[in-house]
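For reference, the structure discussed in these notes is given below.
Just the heavy atoms: all of them, side chains too, but no hydrogens, waters or symmetry mates, feed the values below.
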Amino acid sequence: MIVGLLINGVAYAAIFIIVALVIYRFAGEFASRSFLVLFLFIAAGLYIVFALRAGEGILWIVGEVVGVAIFGGMALLGLRGSPWWIVAGWALHPLWEVGLHSRGPGRSFAPESYTIACLSFDLLVAAYIAISYGVGELLKSRRRRVA
């Protein structure tokens with residue numbers, strides 16, 4: 001079951017990455033970064049929804065809001081700054097998901113199908129951003145040296 005959920009995360013990440021590439025191609029880098037930032041907020045924010053639906057107490061809700069602030073804040077730093085902030089947000093989000101919601105006390109309300117699939121999804125999205133922006137920066141620096 002866990003392998004199937006991880007494969008689902010890979011499949012959804014592939015679709016997500018294709019959409020991000022299309023946005024980048026037709027709307028530009030800022031639009032693509034905005035898309036990546038928005039969805040990191042959504043990925044973290046769904047835990048607030050899960051906690052509310054389960055009737056968890058105010059401490060859980062506040063804790064989930066803190067998670068959104070942490071990961072969303074990292075993403076926002078990367079919106080106009082270094083894209084490595086967005087990479088870090090996506091790459092670190094699985095620690096929150098697995099540590100707190102899949103294996104930790106949040107498993108009582110967070111669906112395993114979401115937490116496990118998001119592990120592979122988040123890491124692949126982080127890898128895509130790191131590779132695409134990292135390669136982009138290398139190409140820009142080579143063009144500057146040639147010119």
Quiz prompt | Least distance between heavy atoms, A91 atom then L123 atom | solution = O-CD2, 3.8 Å
Self-check item: Taking every non-hydrogen atom, the tightest pair across S120 and G9
Solution: OG-CA, 3.3 Å
Self-check item: Rounded distance (nearest 0.5 Å) linking atom CG of L5 with atom OG of S102
Solution: 9.5 Å
Quiz item: Got a second to check how far L119's CG is from L95's CG, nearest 0.5 Å?
Solution: 9.5 Å
Quiz item: Linking I/L/V/M/F/W/Y whenever their side-chain heavy atoms sit closer than 4.5 Å, directly or via other members, would V87 and L77 fall into one cluster?
Solution: yes
Practice problem: Under the side chain to side chain donor-acceptor pair (under 3.5 Å) rule, collect the residues that match up with H101, sequence neighbours excluded. | Solution: E64
Quiz item: Going from CD1 on I23 to CD1 on I18, what distance comes out if it is rounded to the nearest 0.5 angstrom?
Solution: 12.0 Å
Self-check item: Pair listing, side-chain hydrogen bond (donor to acceptor under 3.5 Å, both in side chains) test, anchored in residues 28-38, at least two apart
Solution: E29-R33
Self-check item: Full working for side chain to side chain contact (heavy atoms under 4.5 Å, CB included) between F16 and F35
Solution: CA-CA 10 Å; F16 182 83; F35 174 76; 3.4 Å; yes
Exercise. Could you pull out all residues at least two apart from L21 that satisfy side-chain contact (heavy atoms from CB on, under 4.5 Å)?
Key: I17, Y128
Exercise. Group every Ile, Leu, Val, Met, Phe, Trp and Tyr by side-chain heavy-atom contacts under 4.5 Å, then state whether F30 and I86 land in the same group.
Key: yes
For a quick test of your reading: what N or O donor-acceptor pairs under 3.5 Å do the side chains of residues 109-116 make, sequence neighbours left out?
{"from": "Y114", "atom 1": "OH", "to": "A43", "atom 2": "O", "distance (Å)": "3.0"}
{"from": "T115", "atom 1": "OG1", "to": "E112", "atom 2": "O", "distance (Å)": "3.3"}

Quiz item: If you group Ile, Leu, Val, Met, Phe, Trp and Tyr by side-chain heavy-atom gaps below 4.5 Å, do V98 and Y47 land in one group?
Solution: no
Quiz item: With the 4.5 Å side-chain cut-off for hydrophobic clustering, are I70 and L79 part of the same group?
Solution: yes
Quiz prompt | side-chain contact (heavy atoms from CB on, under 4.5 Å) involving F41 - partner list, sequence neighbours excluded | solution = V37, V68, L76
Exercise. Write out all pairs satisfying side-chain hydrogen bond (donor to acceptor under 3.5 Å, both in side chains) with one or both partners inside residues 72-91, taking only residues at least two apart or from two chains.
Key: none
Quiz item: Taking only residues two or more places apart in sequence, or in another chain, which ones meet L124 in a side-chain contact (heavy atoms from CB on, under 4.5 Å)?
Solution: V10, A13
Quiz item: In chain order, what residues pass the ring pair (Phe, Tyr, Trp, His ring centres under 6.0 Å) check against Y24, with sequence neighbours excluded?
Solution: none
Quiz prompt | L38: side-chain contact (heavy atoms from CB on, under 4.5 Å) partners, not counting sequence neighbours | solution = I42
Quiz prompt | side chain to side chain contact (heavy atoms under 4.5 Å, CB included) between M74 and L40, intermediate numbers included | solution = CA-CA 9 Å; M74 293 174 83; L40 185 51; 5.6 Å; no
Practice problem: With sequence neighbours excluded, give me every salt bridge (Lys or Arg N to Asp or Glu O under 4.0 Å) pair touching residues 47-60. | Solution: none
Self-check item: Nearest heavy-atom neighbours spanning I61 and A51
Solution: CD1-CB, 3.6 Å
Quiz item: Linking I/L/V/M/F/W/Y whenever any side-chain heavy atoms sit under 4.5 Å apart, do I131 and V22 land together?
Solution: no
Practice problem: Please check if atom OH in Y12 has more than 12 non-hydrogen atoms from other residues, nucleotides or ligands closer than 6.0 Å. | Solution: no
